[in-house]
**Student:** 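Please read through the structure below; I'll follow up with questions.
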Amino acid sequence: MRVWDPLVRIAHWTLVGSIIVAWFTRHGGGKWHEWAGYIVLAVVALRIVWGFAGSAYARFAQFVYSPAATLRYGKLAATGQEPRYIGHNPLGGSMIVVLLVTALLTAGSGWLYTTDRFWGIEWLEQTHLWLTYLLLALAALHITGAIVESVRHRENLIAAMFHGNKREAGPGDVH
């Protein structure tokens with residue numbers, strides 16, 4: 001069944017590519033690094049709008065759960081008893097929000113650093129650097145979570161982010 005619409009998938013892989021370009025151009029990348037950051041800002045802004053106006057599984061209301069529900073899901077996942085979700089599970093939904101906020105803060109701090117007012121300000125440069133490391137760590141955790149869930153539920157979530165389809169809902173699956 002179709003879960004991830006084209007905008008979600010294109011935004012996802014554009015964000016991935018922009019972050020990779022930004023990382024590899026961080027030393028002497030000049031305009032490439034800057035433009036990668038601008039693309040991150042644009043994609044995050046688009047994804048936030050799409051989180052309110054997009055297709056069913058793209059909407060924040062569909063995958064942002066309460067802290068209590070997320071904790072319950074985390075406990076089930078820790079014991080291998082978590083249900084399969086058609087969209088994002090509660091931990092995945094939380095990760096999406098945290099990744100979007102961290103990407104926004106990372107790119108935003110990079111942009112601020114290029115302005116006349118903040119050029120050469122040490123605390124901002126350090127903030128941008130630490131946000132970059134945090135973003136990479138979160139991305140690694142996100143990939144790990146997608147692989148673990150793919151194995152547990154016998155469903156290739158990484159491939160699903162290319163073609164948009166997931167296995168039809170079965171008994172016990174959560175919409």
Side-chain angles (χ1 to χ4, degrees), residues 1-24 36-37 39-107 131-175:
M1 68 182 283
R2 178 60 52 126
V3 176
W4 310 123
D5 65 59
L7 193 141
V8 166
R9 297 187 328 260
I10 292 167
H12 178 270
W13 293 114
T14 302
L15 193 57
V16 169
S18 299
I19 290 168
I20 290 170
V21 168
W23 174 256
F24 283 108
I39 292 169
V40 168
L41 286 172
V43 170
V44 170
L46 177 63
R47 185 60 184 94
I48 290 170
V49 169
W50 203 241
F52 294 103
S55 62
Y57 290 106
R59 291 179 183 250
F60 296 126
Q62 195 278 331
F63 66 83
V64 175
Y65 295 85
S66 69
T70 304
L71 186 58
R72 275 193 305 276
Y73 179 85
K75 288 178 181 179
L76 289 171
T79 62
Q81 299 173 20
E82 77 280 8
R84 175 180 174 257
Y85 278 69
I86 301 304
H88 287 101
N89 66 52
L91 285 175
S94 295
M95 178 58 81
I96 298 308
V97 172
V98 171
L99 280 167
L100 288 172
V101 168
T102 305
L104 181 66
L105 291 173
T106 304
L131 284 167
T132 300
Y133 293 142
L134 176 61
L135 183 59
L136 293 176
L138 290 168
L141 189 59
H142 176 61
I143 293 165
T144 301
I147 291 169
V148 167
E149 188 172 341
S150 291
V151 170
R152 284 193 178 166
H153 297 289
R154 294 181 177 92
E155 182 167 52
N156 189 337
L157 296 178
I158 296 168
M161 280 308 291
F162 283 103
H163 53 64
N165 300 318
K166 290 182 77 176
R167 189 176 70 244
E168 292 288 333
D173 289 347
V174 180
H175 287 274

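Just so we're clear, the structure is a prediction, and the values are computed from it rather than from any experiment.
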**Student:** Looking only at heavy atoms, which two atoms of Pro90 and Tyr85 are closest? And how far apart?
**Tutor:**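 Minimum heavy-atom contact is CD-CZ, 3.4 Å.
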**Student:** Check Met1 against Arg167 and note the closest heavy-atom contact, atom names and distance.
**Tutor:**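 Nearest heavy atoms, Met1 then Arg167: CG-O, 4.1 Å.
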**Student:** Could you list the residues that satisfy side-chain contact (heavy atoms from CB on, under 4.5 Å) with Ala159, not counting sequence neighbours?
**Tutor:**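 If we apply the side-chain contact (heavy atoms from CB on, under 4.5 Å) test to Ala159, skipping adjacent residues, the hits are Asn156, His163.
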**Student:** By salt bridge (Lys or Arg N to Asp or Glu O under 4.0 Å), which residues pair with Asp5, not counting sequence neighbours?
**Tutor:**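 Salt bridge (Lys or Arg N to Asp or Glu O under 4.0 Å) list for Asp5, sorted by chain: empty.
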**Student:** Looking at residues at least two apart in the chain, or sitting in another chain, which of them share a ring pair (Phe, Tyr, Trp, His ring centres under 6.0 Å) with Trp50?
**Tutor:**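 Applying ring pair (Phe, Tyr, Trp, His ring centres under 6.0 Å) to Trp50 gives none.
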**Student:** The criterion is side chain to side chain donor-acceptor pair (under 3.5 Å); which residues satisfy it with Arg2, sequence neighbours excluded?
**Tutor:**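 Residues passing side chain to side chain donor-acceptor pair (under 3.5 Å) with Arg2: Asn165.
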**Student:** I'd like to check the side-chain contact (heavy atoms from CB on, under 4.5 Å) partners of Ala169; sequence neighbours left out, ordered by chain and number.
**Tutor:**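 So Ala169 forms a side-chain contact (heavy atoms from CB on, under 4.5 Å) with Ile86, Asp173, His175.
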**Student:** So which heavy atom on Ala36 is nearest to which on Ser18, and how close?
**Tutor:**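 Minimum heavy-atom separation between Ala36 and Ser18: CB-O, 3.4 Å.
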**Student:** Rounded to the nearest 0.5 Å, what separation is found between the CZ atom of Arg9 and the OG1 atom of Thr14?
**Tutor:**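 Reported value, rounded in 0.5 Å steps: 12.0 Å.
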**Student:** Could you grab the distance from atom CG of Leu46 to atom CG of Leu41, nearest 0.5 Å is fine?
**Tutor:**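 If we round to the nearest 0.5 Å, Leu46:CG and Leu41:CG are 12.5 Å apart.
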**Student:** Of all the heavy-atom pairs spanning His88 and Gln62, show the shortest one and how long it is.
**Tutor:**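 Closest heavy-atom pair between His88 and Gln62: N-OE1, 4.2 Å.
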**Student:** Of all heavy-atom pairs between Arg59 and Phe52, which one has the smallest distance, and what is that distance?
**Tutor:**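 So the minimum-distance heavy-atom pair works out to NH1-O, 2.8 Å.
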**Student:** Test of understanding: with side-chain contact (heavy atoms from CB on, under 4.5 Å), list the residues that count as partners of Leu135, not counting sequence neighbours.
**Tutor:**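 So Leu135 forms a side-chain contact (heavy atoms from CB on, under 4.5 Å) with Ile19, Leu99, Thr102, Ala103, Thr106.
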**Student:** Look up atom CG in Leu100 and atom CG in Leu138, then write down how far apart they are to the nearest 0.5 Å.
**Tutor:**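 So the CG of Leu100 and the CG of Leu138 are separated by 11.0 Å.
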**Student:** List the atom pairs, with distances to 0.1 Å, where a side-chain N or O of residues 68-81 and a protein N or O form a donor-acceptor pair under 3.5 Å, not counting sequence neighbours.
**Tutor:**
residue, atom, partner, partner atom, Å
Thr70, OG1, Ser66, O, 3.0
Tyr73, OH, Asn89, ND2, 3.1
Thr79, OG1, Leu76, O, 2.9

**Student:** Ser150: what forms a side-chain contact (heavy atoms from CB on, under 4.5 Å) with it, not counting sequence neighbours?
**Tutor:**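 Ser150 satisfies side-chain contact (heavy atoms from CB on, under 4.5 Å) with Leu157 only.
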**Student:** My understanding is that only residues two or more places apart in sequence, or in another chain, count here; which of them pass ring pair (Phe, Tyr, Trp, His ring centres under 6.0 Å) with Phe162?
**Tutor:**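 Phe162: ring pair (Phe, Tyr, Trp, His ring centres under 6.0 Å) contacts with Trp13.
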**Student:** Under the side chain to side chain donor-acceptor pair (under 3.5 Å) test, which residues partner Glu82, sequence neighbours left out?
**Tutor:**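 Scan of Glu82 (side chain to side chain donor-acceptor pair (under 3.5 Å), adjacent residues dropped) gives Arg152, His153.
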**Student:** Tell me every residue that passes ring pair (Phe, Tyr, Trp, His ring centres under 6.0 Å) with Trp23, counting only those two or more places apart in sequence or in another chain.
**Tutor:**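 Here no residue qualifies.
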**Student:** List the residues meeting side chain to side chain donor-acceptor pair (under 3.5 Å) with Tyr65, not counting sequence neighbours, and say none if there are none.
**Tutor:**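 Partners of Tyr65 by the side chain to side chain donor-acceptor pair (under 3.5 Å) criterion come out as none, since no residue qualifies.
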**Student:** State, to 0.1 Å, how close Gly37 and Ala107 come at their nearest heavy-atom pair, and which atoms those are.
**Tutor:**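 Taking Gly37 first and Ala107 second, the nearest heavy atoms are O-CB, 3.6 Å.
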**Student:** Any chance you could measure Leu15, atom CG, to Ile10, atom CD1, to the nearest 0.5 Å?
**Tutor:**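 Answer rounded to 0.5 Å: 13.5 Å.
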**Student:** Between OH of Tyr57 and CH2 of Trp4, what distance do you get to the nearest 0.5 Å?
**Tutor:**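 Answer for the OH-CH2 pair, Tyr57 versus Trp4, is 8.5 Å.
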